Amino acid sequence: EFIICTYRLFFVYLYFNYLTVLIMFIKTIAKKNNSSDKVFIYHRLVESYRTEKGARHRNILNLGTLTIDNKYFKNLADRIEQISAGIEPVFPVEPEIESLAGHFAALLIDNKIKLIQEATDNLSENSDFAEVDLNTVQTSKCRTIGLEHIAFDMMKRLDFIDIFRNIGFSDSDIKYAVVSIIGRVVNPVSENASYRWAKNESGIEELLDNDFSRFSRNRLYEIIDKLYDNKDFIESRLRDSEKNLFSLKEKILLYDLTNTYFEGSALSNKKAKRGRSKEKRYDCPIVTLGLIIDEQGFPKRSRILEGNVSEPETLLTMINNLIDQNDMIEKPTILMDAGIATEENLLMLRNEGYDYVCVARNNPLKDFDLSKVEFSMVKSDRNNEVKVKMFRTENEHILYCESFLKGKKEEAIKNMYVQRFEDGIKSIEASIHKKRGMKSYAKICERIGRLKEQTSPICNFYEIIIEKNENDIVSKIQWSLKNQSAIDAKFSGSYALRSSRTDLTEEDMWELYTVLTNVENTFRVLKTDLNMRPVHHQKTHRSDGHIFITLLAYHIVNSVLTLLKQAGENHTWSTIRSIMRSMSRVTTTMKNRDGDTIVLRTTSLADKNQTKILSALKLSNEPIGRKKIILKL
C-alpha cells in the first residue's frame, strides 16, 4: 500500500508540475502584404515552456481566424488541452467553445502533436495500457452510424416504438420496422437495396443491439405491408406526439397534392393511371398523394389516390377526415394553392365553417384601376421588395401583391419562351423556302402544334397566319404578338390572394401565403431527398406501402430539421446527410507482445460540424460505447 501510494503521489506531482511548466494560450497574429495596407488577422495555439535560458514559446496549431470574442480565448485553449488529455471539465463549457475545442483537439490528435508527457496522459484508474506490434494494426468492418444515431433517437422521441407495440408488433417486427424507416431516412433506395445496406454498410445492427445474421429480405417487404395496414392509427399517434413535442397549434393547415410516376406498366396496380405528371413523365402511369400539413411542415393526414384524380375533388373529404379526429374547438384556416381553390371548393369550405387563404386562380381585380393605387411595403431587403394592397369585397378580402424578385424571375421565363417560340416559328417558316423543305399544310400545322406545346405559357399571345395554295402547299407564314400589355401583365411578378378571414391585416395575409412554401419543401424532400420517385412496385399495396414508408421517414426528417432550426442550425437534409456520412463504427485489431489479438470496436471522433449538429440535438458524440475483446494465442 505504501508503494502504491508513493506512485500515486509521484503522478500527482508530475501533473501539477506539468501545469506550471507547460501553459497553452491563443496568440493573435497580424500581418499585411507588401502590396496592400490591408491587415490580416489569424490565430495560433501556442505552448509556453521553461528552459535553462528562460521561458520559450512553441507553435502547436494554426487556428485560422477565430470569430469568438478574445475574452473566451483562455477558455478555448484550456478546453482543447483538457480534451487532448482526456480530462472532463469541472465547470460547464459554452456549446460554441466545446464545439471549437473538440474540432481543434481532433486536429491535434490527427497531427500526432503531444501536448503533455506520456506519463500524465491518463491518470484514471481505468487506464488500459498494452504493448502492441504496430505492424499488425488493421481496421475492418467500417459501418456508418452518425445519421442512424440521429434517426433512431428521433424515432424514440416521437414514440414510434410504443406506437408499434400498440398495434401488436413483436420485438422482431419492431426491429424490421425501424430498419425500414431508418433505411429510407439514411439511404433511400429500394427495399432490396435496403437489405444490403442494413447487412453490409450500416451500424444499425449495433444501435439496435441485435444480431442480423438471420436478417430476412422478405420480412422487410412484409413489415411495410403491416405498417400500411395500420396507417390511420400510426398517423393519428404521430400527430399527437409531434403536437406535444413541438407545441404545435394547428391553427393553419395546408392542403395540396402531388404525384409520382411508376417504372413499368403497373398493370396490377388499380391506382396507377395516366394523368398530369408533375415530373412531365406523361409516358408513365402515376399515383397521387394528397397531404395535409401544418405551418411548420408536419404531416397530419395523407391519402394515396388514383393518378388521374382531379385536385379540387379531394379537398373537403381530406379536411373532414382530419377534423373528425381533432379535439380542437376552433376550426383551422385552410391554405391552398390555386389548383385546388375552385369556386366550388371555396363555397364548400365556407358552408362547413372553415376560413381559407388561397392564391386566386384568375385575376379578381381586372375591373380595378391599379395604376393609382397606394401600396404598402411588407418586405424590403437587398434581395427583394414586396408591395401589397388590400381590397375588400362582400364575402372576401383580396390582397394584390407585387414582388420585385418574382417579377425578375417571370421576366426571364417570358423571354425564354418568347425566344423559343420565335426561333421555332422562324425555323418552320424557313423550311418552306428550301428546295426539299417541308411545305405540306398538314405537316406545317403539326409542327406548329408541337411548338405550341413547348411554349404553352406564351403561344396564345401570338397570332399565326398560314397562306397556302389549292394543293395545300404552304407559301407563307406570318406571326405577330397580339397584346404586348397582356403578356407583360401575366409575367409581371404580381399575384392576388383571397381570404374569407376579415380580421387579417395586409402583412398577416401575405405572411400566411409564404407558409405555402412549406408544402413545396415537403414534396421536394419526399421526392428528392427521400427518393419517393419513381415507384418500382407494380402491385397496389406494395406501392402504397412504399409511399407510406417515405412519409414516416419524413416525420423523422422534419422533426430533426425543426430541432436544428430552433438551435440556430439551418441545414437542408441533404447537407446533414453529407456532414454525418463519415461518422462510423470501425473494428481495429492488433497483436500484443504475447501474440494475443486485441480487437477494439470504436466510433470515429466527431468533427466540428458533426459535433455542432449532435450538440444541437442534445445527442452524445459516441452513440455506442467502446468494446474490447482479447483473443488468446
Side-chain angles (χ1 to χ4, degrees), residues 231-240 242-243 248-259 271 288-306 308-365 390-399 495-506 508-520 522-523 551:
K231 171 181 172 294
D232 290 342
F233 177 80
I234 294 173
E235 285 187 333
S236 177
R237 285 291 305 274
L238 280 176
R239 177 170 162 243
D240 292 339
E242 290 164 344
K243 188 176 179 181
L248 304 177
K249 304 302 181 184
E250 296 186 344
K251 291 185 177 181
I252 305 294
L253 294 179
L254 303 89
Y255 179 64
D256 206 352
L257 289 89
T258 189
N259 52 50
K271 294 181 181 178
T288 299
L289 171 65
L291 196 62
I292 293 177
I293 69 172
D294 68 9
E295 59 266 41
Q296 294 191 42
F298 287 96
K300 303 301 175 184
R301 194 167 182 83
S302 66
R303 286 186 67 192
I304 302 170
L305 309 161
E306 294 182 351
N308 60 356
V309 70
S310 174
E311 287 189 345
E313 294 175 359
T314 62
L315 173 66
L316 199 58
T317 302
M318 285 283 286
I319 297 297
N320 284 334
N321 283 345
L322 174 70
I323 301 302
D324 286 344
Q325 302 180 24
N326 195 348
D327 57 0
M328 291 186 299
I329 298 175
E330 181 183 355
K331 289 187 175 182
T333 297
I334 310 301
L335 267 66
M336 300 167 290
D337 205 347
I340 302 172
T342 63
E343 293 298 332
E344 294 79 6
N345 269 342
L346 298 183
L347 179 60
M348 282 191 298
L349 287 174
R350 285 197 295 266
N351 292 337
E352 292 290 327
Y354 294 104
D355 284 312
Y356 58 83
V357 175
C358 66
V359 181
R361 293 167 67 92
N362 301 307
N363 183 9
L365 301 174
M390 184 80 82
F391 295 85
R392 291 168 173 81
T393 64
E394 183 178 354
N395 298 319
E396 292 182 323
H397 282 188
I398 298 173
L399 187 70
Y495 52 93
L497 309 178
R498 301 173 60 181
S499 178
S500 60
R501 288 185 56 177
T502 58
D503 61 314
L504 297 176
T505 65
E506 293 175 331
D508 291 338
M509 193 165 166
W510 182 78
E511 286 182 353
L512 280 179
Y513 162 73
T514 63
V515 175
L516 281 170
T517 57
N518 283 346
V519 175
E520 299 174 2
T522 296
F523 289 147
L551 276 172

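In this text, all values refer to a predicted model and were calculated from it rather than measured experimentally. In this chain, residues are counted from 1 in sequence order.
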Would you name the heavy atoms of [X] and [Y] that are closest together and state the gap between them?
X    : Y    : result
A338 : A360 : CB-O, 4.1 Å
D256 : V519 : CB-CG1, 3.4 Å
F523 : L291 : CE2-CD2, 4.0 Å

*Quick check: does any side chain N or O of T514 sit under 3.5 Å from a backbone N or O of E511, one acting as donor and the other as acceptor?*
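Side chain of T514 to backbone of E511, a donor-acceptor pair under 3.5 Å: yes, one is there.
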*Mark yes or no for whether D337, through its side chain, and G339, through its backbone, hold a donor-acceptor pair below 3.5 Å.*
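Looks like no, no N/O pair under 3.5 Å.
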*Does the distance from a Lys or Arg side-chain N to an Asp or Glu carboxylate O, for K331 and D355, drop under 4.0 Å?*
no
*Decide, yes or no, whether a salt bridge links E250 with R239 under the criterion of side-chain N to carboxylate O below 4.0 Å.*
yes
*How far apart are the C-alpha atoms of R498 and E343, what are their side-chain angles, what is the distance that settles it, and do they pass the salt bridge (Lys or Arg N to Asp or Glu O under 4.0 Å) test?*
CA-CA 11 Å; R498 301 173 60 181; E343 293 298 332; 2.7 Å; yes
Are a donor atom and an acceptor atom from the side chains of [X] and [Y] found within less than 3.5 Å of each other?
X    : Y    : result
S499 : E396 : no
T333 : R501 : yes
Y356 : R350 : yes

*Starting from the C-alpha separation in whole Å, work towards a yes-or-no answer on side-chain contact (heavy atoms from CB on, under 4.5 Å) for L253 and L335.*
CA-CA 6 Å; L253 294 179; L335 267 66; over 6 Å; no
*asked:* For D232 and R301: C-alpha separation, side-chain torsions, deciding distance, then whether salt bridge (Lys or Arg N to Asp or Glu O under 4.0 Å) applies.
replied: CA-CA 8 Å; D232 290 342; R301 194 167 182 83; 3.6 Å; yes
